[in-house]
Amino acid sequence: MTGFGVPVYLLPSPTAIVSAVWTDLWTVAGHTQATLLTVFAGFVLSIVTALPLAALLTLSPVARASIYPLLVLSQSIPKVALAPILVLALGTNVMPKIIITFLVAFFPLVIAAAAGLAATPRELIELGRSLQATRMKELMRIRLPFAIPFIFSGLKMAITFSVIGAVVGEFVAADRGLGYLMTSALAFFNTPLGYGAITILSLLAIVLFQTVVVLERILFPWSTRMRT
Amino acid sequence: MIRIEGVSHTYGEDEDQVIALSDVSLTIGGTEFIAIVGPSGCGKSTLLRLIAGLVPPSDGRIVLGDKVITKPTPDVGLVFQSPTLLPWANVLDNVLFPLRMLDELDQRGIDRARELLVLAGLGGFEARMPDELSGGMQQRVAICRGLVRNPAVLLMDEPFAALDALTREEMGRQLLDLWTVHPKAIVFVTHSVPEAVMLADRVVVMSARPGRIAEIIDVRLPRPRTIDMEADFEYQSCTRRIREHIFRSHALKGQPQSQAKVA
């Protein structure tokens with residue numbers, strides 16, 4: 001079956017892609033679930049690491065001077081290159097995938113959250129100090145809410161990066177997930193299914209991104225208004 | 001009552017030292033309205049921060065009531081040039097912010113906040129969000145926030161500088177109305193000589209480098225103040241004396257007058 005003389009193993013038609021996914025629907029669903037799990041685990045790990053780290057960077061100049069260069073260094077290492085090493089160390093289970101996802105996703109979140117925590121107007125910090133606020137109270141009651149718009153910008157980047165990170169992990173070593181489905185399908189010249197995996201990945205990224213957008217709108221409507 | 005006794009303040013270390021304030025003494029009455037004018041860099045804002053205890057004096061001391069101020073004190077109300085309201089809290093919660101921070105929120109505080117908002121012409125706006133308000137309204141919320149704990153003194157750092165001229169006049173009148181209902185010491189930093197004369201009992205004129213008090217001018221205009229008083233001889237002579245002071249000190253230092261940010 002060819003259209004315009006393009007062989008199907010090079011560029012399958014949309015109907016071929018849909019029918020390939022439809023035929024293997026349950027398999028595809030299982031792989032999607034595996035990828036989603038990796039994405040979520042990596043994303044959550046990024047959040048619980050990035051936010052305290054950003055707070056530390058904001059509150060302590062010493063921590064800022066010592067940790068910031070390490071953060072930048074951690075980003076200069078290509079994660080794709082790191083993946084095989086992690087597999088070697090941790091085995092071909094779900095852990096290396098989650099860690100790669102985390103490594104890709106947490107950096108933009110730390111940077112955005114730290115920028116947000118430092119963006120509080122000086123006057124408001126002074127007002128807080130005159131109201132006897134401790135550093136912790138200042139952080140939780142003034143700086144953190146002020147950083148919400150920034151944090152959500154970071155979360156939007158982090159969730160998209162999480163999908164990329166998960167797929168990179170699945171490329172290198174996995175027996176499950178959409179990244180694995182894609183490489184294995186292409187290896188057997190099942191191009192339509194490979195394309196199907198890519199399409200589902202894109203849809204996944206879009207849906208997850210929009211979920212973060214909607215969450216911000218529901219939980220912090222003022223934050224959305226502040227950005228416009 | 002606030003007593004500022006021989007207060008100096010220097011920034012920086014060794015040769016980079018900048019004298020922001022030099023030997024400033026001033027006694028402010030319990031319900032007195034003091035305006036501070038002076039060129040940029042004369043230490044006006046530093047003086048406010050010193051009274052609030054946000055920066056310690058290098059020399060001298062400041063006594064609020066019977067307490068020497070050594071650290072940030074919640075017994076002063078702060079109002080800044082920008083309203084700096086909390087964007088996530090509605091108008092009422094913004095006014096209640098100081099009470100929440102000090103864990104002293106009670107029904108009396110809420111009643112007082114509502115009363116202040118009504119006095120400031122913001123009755124019915126309690127549930128609005130800051131970004132729904134005009135700049136003038138936001139600043140009125142900030143003033144209510146500054147007054148909600150009924151502090152002994154309200155410190156205002158160029159509070160109307162970001163507003164347009166008409167709103168500014170209106171805000172001045174409303175501030176005087178509020179002050180009549182809740183009399184207290186107000187220290188009001190401004191760049192506007194007419195504003196200073198229209199509002200204050202005494203205008204403290206400061207000079208720059210180092211910041212010190214050049215002159216203190218009594219404004220003997222009756223209260224309540226009205227717009228018509230701008231035609232009075234007393235108003236004219238006060239504004240003229242203040243301007244002469246500011247421009248003379250600049251001329252002496254060989255600076256072009258245009259550099260003096262004085263309206």
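Every chain is numbered from 1, with letters handed out A, B, ... down the list of sequences. Only heavy atoms go into these numbers, but all of them, side chains included; no hydrogens, no water, no symmetry mates.
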Mind listing the closest non-hydrogen atom pair of A:Phe146 and B:Leu85 along with its distance?
CZ-O, 4.2 Å
Per-pair distances, 0.1 Å, donor-acceptor, side chain in residues 30-38 of chain B, under 3.5 Å, sequence neighbours excluded:
unit_1, atom_1, unit_2, atom_2, d
B:Glu32, OE1, B:Gly29, N, 2.9
B:Glu32, OE1, B:Arg202, NH2, 3.0
B:Glu32, OE2, B:Arg202, NE, 2.5
B:Glu32, OE2, B:Arg202, NH2, 3.2

Could you please show the donor-acceptor pairs under 3.5 angstrom between chain B and chain A, with distances rounded to 0.1 Å?
unit_1, atom_1, unit_2, atom_2, d
B:Arg49, NE, A:Glu126, OE1, 3.0
B:Arg49, NE, A:Glu126, OE2, 2.5
B:Arg49, NH2, A:Glu126, OE1, 2.9
B:Leu54, O, A:Arg129, NH2, 2.9
B:Pro72, O, A:Gln132, NE2, 2.8
B:Arg100, O, A:Arg141, NH2, 3.1
B:Met101, O, A:Lys137, NZ, 2.5
B:Asp103, OD2, A:Lys137, NZ, 3.4
B:Asp131, OD1, A:Arg225, NH2, 3.4
B:Asp131, OD2, A:Arg225, NE, 2.5

A:Leu127 and side chain to side chain contact (heavy atoms under 4.5 Å, CB included): which single residue from B:Leu78, B:Val79, B:Leu54 fits?
B:Leu78
Non-hydrogen atoms of chain A under 4.5 Å away: do they reach the side chain of B:Met101, the backbone, both or neither?
both
Greater than 12 external heavy atoms within 6.0 Å of B:Ile19's CD1
no
Side chain, backbone, both or neither of A:Pro121 within contact of chain B (heavy atoms, under 4.5 Å):
side chain
